[in-house]
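In what follows, a single structure is set out as structure tokens and then discussed.
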Number of protein chains: 2
Amino acid sequence: MPKRVDHEQRRRQIGEALLRIASTRGLQSATMREVAAEAGVSLRLVQYYFHTKEQLLLAALAYLGEQLTERVSASIRALGPVTARTVVYGTLTAALPTDEESVRLTRAYTGFYTLVFSEPEMAERHGAVYPDKLESLLAKHIAAAQEAGEVAGDVDPKLTAAALLALTNGLGSSVLGGQRNGAAALRILEDQLGRLFRPLD
Amino acid sequence: MPKRVDHEQRRRQIGEALLRIASTRGLQSATMREVAAEAGVSLRLVQYYFHTKEQLLLAALAYLGEQLTERVSASIRALGPVTARTVVYGTLTAALPTDEESVRLTRAYTGFYTLVFSEPEMAERHGAVYPDKLESLLAKHIAAAQEAGEVAGDVDPKLTAAALLALTNGLGSSVLGGQRNGAAALRILEDQLGRLFRPLD
DNA sequence: CGTTTAGTGATACGAGCGTATCATCAAGCG
DNA sequence: CGCTTGATGATACGCTCGTATCACTAAACG
């Protein structure tokens, strides 16, 4: 047999190629042949490592998820000590397409999200769209900030967490749609966060 | 020549068929053949009234726009006297997929919105994505409510209008994505609106 | 009345898609 | 060494898509 190549590395190489296409030309342009060309391999190789296109999409989605959580935790870390406030800020601002990397991630993520709209079966065959977890995490931290007196007592942590997440999603869409740039979106988000959290003394 | 049929009515019939498909099976399922079948006409007829698919999509988008603005103004009217508050409430809640009709409209609208992501040229060939107008309209009404003392003085009308619109979009996506139902989304939106507007005495 | 022509049907074309088939190549093992 | 088998290349199949072609029908008009 030839070279005895590292399968996981090859799969990653191909999966990343798909993500690159998804974040530039859109996920619907990520055909098997395009992915092969982008990864610099033959069509046959893509088929060899992913028997079907769905498997390829699923693997790429997993890679995307890794990069996403990576970015979120890096963003939180960059804000200094881990407090309720920094977790909320870091999580939401990381999800906004403000720099080149986040535009890439958001574009790819949106591609998968809209794919699920049209092929719900694919989502059913594999559980766990995880925004729910994010939402309860945010709610927890908002409640903590509330008890620490950093957030007004009459806010509902769960409703507010959901609103912030939906707001961030909507802002991301508007940036991707060219309605405004990342900086403007960030200003809008920070305005809302600023009136949720009491100013730091 | 045969029957001398009303062109505008035929075009509408076909355009509505496309919208029906877009709001059930998704816009990517709206092929020329599917639209023809849904409208109960032959493929040739669809080609006859819309020389190209792009023309068909554009016409359907126009019909959708009509229905959307119709629904928004109906929603405002239903809230009683036209005040800044009712305009903001009516506009935003009308855009939320809470009942069958709004689910249909939102689904179709989302389909077109994501289509623009992948074919930006089509959007360029025809101006006017109108969320900007909506945003400045909301900002105007928020500023008016502010002068009337119904909204706190330190809110920025433009930033807040943008945030409310993005929030509504994000909530809509979450409903369409099955993350929550329309009632829950409405609760979240009303919570935010309730803390923007001072309670009515 | 006969010719023009708006409207309609049947069918074909070329391209792109996911997937399948078949042959080939080279490294490892007995 | 020779056979097995993991990895790869070339190419084809069947389908669906948007669009194009060609013929036909029947109402309108001089």
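Side chains included, hydrogens not; waters and symmetry mates left out as well; all remaining heavy atoms used. To find a chain, count down the sequence lines: A is the first, B the second, and so on, and within it residues start at 1.
Every residue meeting the side-chain hydrogen bond (donor to acceptor under 3.5 Å, both in side chains) condition with E66(A), not counting sequence neighbours, appears here in chain and number order: R12(A). Residues passing the side-chain hydrogen bond (donor to acceptor under 3.5 Å, both in side chains) test with E54(B), sequence neighbours excluded: R125(B). Residues forming a side-chain hydrogen bond (donor to acceptor under 3.5 Å, both in side chains) with E16(B) (at least two apart in sequence, or on another chain): Q67(B).
Remark: P of dC17(D) and CD1 of I21(B) are 11 Å apart, rounded to the nearest angstrom. Atom CD in E8(B) sits roughly 17 Å away from atom C1' in dG7(C) (whole-Å rounding). Between the C1' atom of dG18(D) and the CD1 atom of I14(B) lies a distance of 16 Å, rounded to the nearest Å.
Screening residues 5-25 of chain B for ring pair (Phe, Tyr, Trp, His ring centres under 6.0 Å) gives H7(B)-Y49(B) as the qualifying pairs, with residues at least two apart or on separate chains. Under the ring pair (Phe, Tyr, Trp, His ring centres under 6.0 Å) criterion, no residue pair touches residues 164-193 of chain B, with sequence neighbours excluded.
Considering only side-chain N and O atoms, S42(A) lies nowhere under 4.0 angstrom from the phosphate OP1 or OP2 of dT8(D). Note on Y48(A): every side-chain N or O is 4.0 Å or more away from OP1 and OP2 of dG9(D). Remark: H7(A) is in phosphate contact with dA7(D), judged by side-chain N or O atoms under 4.0 Å from OP1 or OP2.
Using a distance-only test at 3.5 Å, with no hydrogens or angles considered, a donor-acceptor pair links the side chain of T86(A) to the main chain of P81(A).
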Inset, instruction - Between protein and nucleotides 16-22 of chain C, map the contacts as a letter string: B base, S sugar-phosphate only, - none, heavy atoms under 4.0 Å, written 5' to 3'. - result: -BBBBB-
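Within 4.0 Å of F50(A), counting heavy atoms only, lies no atom of the nucleic acid at all.
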